[in-house]
Protein chains: 2
Amino acid sequence: MTDVQNRPYHHGDLRRTIIETGLDILRDEKNWQFTLREVARRAGVSHAAPYKHFPDKAALLVELAMIGFDRLREALAGAKPEAPQSLFEEIMPISLAYVAFGTDNPALYRLMFSAEEGRSVGMHLDQRALAVFDIVLDMLSRGQDAGTIRKRPVRGQATAAWALIHGITLLAIDGILVPEKVGSAPLDAAIATLVEGLAIPQPI
Amino acid sequence: MTDVQNRPYHHGDLRRTIIETGLDILRDEKNWQFTLREVARRAGVSHAAPYKHFPDKAALLVELAMIGFDRLREALAGAKPEAPQSLFEEIMPISLAYVAFGTDNPALYRLMFSAEEGRSVGMHLDQRALAVFDIVLDMLSRGQDAGTIRKRPVRGQATAAWALIHGITLLAIDGILVPEKVGSAPLDAAIATLVEGLAIPQPI
DNA sequence: TCGCAATGTTACCACTGTCAACAATGTAGT
DNA sequence: ACTACATTGTTGACAGTGGTAACATTGCGA
């Protein structure tokens with residue numbers, strides 16, 4: 001266990017440091033210029049050092065995207081209401097948590113769904129993304145069992161739910177859907193529309 | 001009017017050529033490496049020539065994104081059904097056209113909604129994007145007047161509709177929502193769910 | 001016809017991703 | 001303890017990129 005004080009030749013735990021530095025850059029770099037050399041620079045290490053831990057830049061980005069999916073899943077799990085009285089009360093907090101995660105970590109969220117880096121992210125993305133998808137899927141399945149949502153292919157309904165929230169999140173990140181307050185009117189209305197589409201119609 | 005045959009010193013209409021070449025690259029470059037030098041190369045011109053027509057790379061990308069929005073708007077306008085018998089019949093073809101546009105022009109569609117290039121695209125995007133948004137808005141307004149959709153803030157419902165289709169399109173581009181056939185089951189189901197959320201509930 | 005503005009080219013700069021060669025360090029086997 | 005080796009970090013190079021400045025060529029108006 002080397003002492004951190006005297007900057008030894010070997011960093012000690014450079015891999016983790018690189019990942020954390022990468023997350024930092026994703027967090028405060030609004031201009032999305034993610035350079036491997038900048039990561040190395042911030043980590044106080046030479047520009048080629050990261051290559052001892054990651055085969056190339058895309059690999060690091062994949063790693064970061066993975067962490068992003070993990071965090072998103074945790075955020076959703078943490079937002080799940082305990083005793084929802086209606087489908088709306090169940091879906092709303094999770095949706096808000098999802099959108100909030102996206103607007104709080106715009107660069108990271110974009111990275112998660114970007115196929116721009118040589119298709120790598122997209123390739124490895126399936127499993128983790130589907131883990132998030134499964135949260136929605138479970139929610140709707142239970143709702144269907146409880147008789148609160150329509151009897152339609154669950155997969156299609158989950159797709160609708162995910163796509164809607166995903167779309168809202170990206171529109172919010174892009175500043176098109178005013179993300180002033182997360183609890184803004186269009187957002188609530190959009191989610192309400194989704195819930196109406198899922199729920200079994202009630203007598204007016 | 002210079003003859004195109006003998007490659008004069010002055011290209012003649014380089015600006016348009018650059019834009020078209022850019023669109024070509026967007027079309028067949030799946031790997032999303034959009035280099036200004038490659039554009040110049042394909043246009044058969046020196047690597048600095050584009051700077052006489054565009055201040056920088058971002059400006060060209062903004063231009064391309066604009067064209068993308070124009071084309072999307074035209075595609076949607078062309079897909080509008082003539083005499084829809086229901087809200088579903090009205091929304092479905094437009095939605096399919098939207099998703100098809102995205103999956104047919106993945107790189108272009110991504111560019112349209114990417115704020116990665118120095119926020120330029122996002123800044124200039126508003127007007128054109130809202131033009132697309134207005135198509136949805138008009139559709140829902142007319143539906144509300146006709147009494148086929150719920151009386152809720154139109155803006156929120158239009159947001160829901162757009163976000164859902166936008167999300168579906170991106171998920172399809174990312175290959176998460178199997179885009180095998182555009183008329184796939186999850187896609188139809190998702191749109192159906194949307195329509196149910198918009199429409200006034202019918203007696204079962 | 002002459003001079004200037006527009007447009008294209010060349011040469012250069014800083015920067016990036018990536019690789020090869022080299023240096024320092026930890027560690028296993030004797 | 002000593003030595004050979006694998007690990008990890010550094011330096012220096014390469015090609016490719018966005019961008020700028022200086023220069024060349026052309027078209028066009030006075």
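The sequence lines fix the lettering, A, B, ..., with proteins before strands; numbering per chain opens at 1.
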Please pick, from [options], the nucleotide with the shortest atom-to-atom distance to any side-chain atom of [X].
| X | options | result |
| --- | --- | --- |
| B:Ser46 | D:dG9, C:dT9, C:dT18 | C:dT9 |
| A:His53 | D:dG18, C:dG17, D:dT8 | D:dT8 |
| B:Tyr51 | C:dA20, C:dT10, D:dG19 | D:dG19 |
| A:Ala48 | C:dC19, D:dT20, C:dT18 | C:dC19 |

**Report entry** A:Asp70/A:Arg73 ion pair, N-O < 4.0 Å
**Finding:**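 So A:Asp70 pairs with A:Arg73 through a salt bridge.
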
Requested in this report: May I ask you to say what B:Thr35 touches in the nucleic acid, namely base, sugar-phosphate or nothing, with a heavy-atom cut-off under 4.0 Å?
Outcome: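 If one applies the 4.0 Å heavy-atom cut-off, B:Thr35 turns out to touch the sugar-phosphate alone, with no base involved.
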
Query raised in the report: Across the strands shown, which category fits B:Phe34 at heavy-atom distances under 4.0 angstrom: base, sugar-phosphate, nothing?
Result: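 Sugar-phosphate contact only.
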
Quickly work out the [X] [atom1] to [N] [atom2] distance and round it to whole Å.
| X | N | atom1 | atom2 | value |
| --- | --- | --- | --- | --- |
| A:Glu38 | C:dT16 | CD | P | 7 Å |
| A:Gln33 | C:dG17 | CD | C1' | 16 Å |
| B:Asp13 | C:dT7 | CG | C1' | 13 Å |
| A:Leu60 | C:dT16 | CG | P | 15 Å |
| B:His47 | C:dT7 | NE2 | P | 19 Å |
| A:Arg15 | D:dG9 | CZ | P | 12 Å |
| A:Leu14 | D:dT10 | CG | C1' | 12 Å |
| A:Asp56 | D:dA15 | CG | P | 21 Å |

Query raised in the report: Is there a side-chain contact between B:Met139 and B:Leu76, using heavy atoms and a 4.5 Å cut-off?
Result: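 B:Met139 does not reach B:Leu76 side chain to side chain.
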
Query raised in the report: Would you say the side chain of A:Leu60 lies within less than 4.5 Å of the side chain of A:Phe34, judging by non-hydrogen atoms?
Result: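 Answer yes - side chains close enough.
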
Query raised in the report: For the side chain of B:Lys52 and the base of C:dG8, is some donor closer than 3.5 Å to an acceptor across the two?
Result: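 Answer yes: a donor N or O sits under 3.5 Å from an acceptor.
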
Could you go through residues 155-163 of chain A and list every donor-acceptor pair under 3.5 Å that involves a side-chain atom there, pairing it with any protein atom two or more places apart or in another chain?
| unit_1 | atom_1 | unit_2 | atom_2 | d |
| --- | --- | --- | --- | --- |
| A:Gln157 | NE2 | A:Arg150 | O | 3.2 |
| A:Thr159 | OG1 | A:Arg155 | O | 2.7 |
| A:Trp162 | NE1 | A:Tyr98 | OH | 3.0 |

Query raised in the report: Taking for each residue the nucleotide of DNA chain D with the nearest heavy atom, is it A:Arg37 or B:Arg37 whose nucleotide lies nearer the 5' end?
Result: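 With A:Arg37 and B:Arg37 compared, the 5'-side residue is A:Arg37.
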
Query - Mutual orientation of the aromatic rings belonging to A:Phe69 and A:Phe113 [parallel < 30°, tilted 30-60°, perpendicular > 60°] - result: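 Judged by the thresholds at 30° and 60°, the geometry between A:Phe69 and A:Phe113 is perpendicular.
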
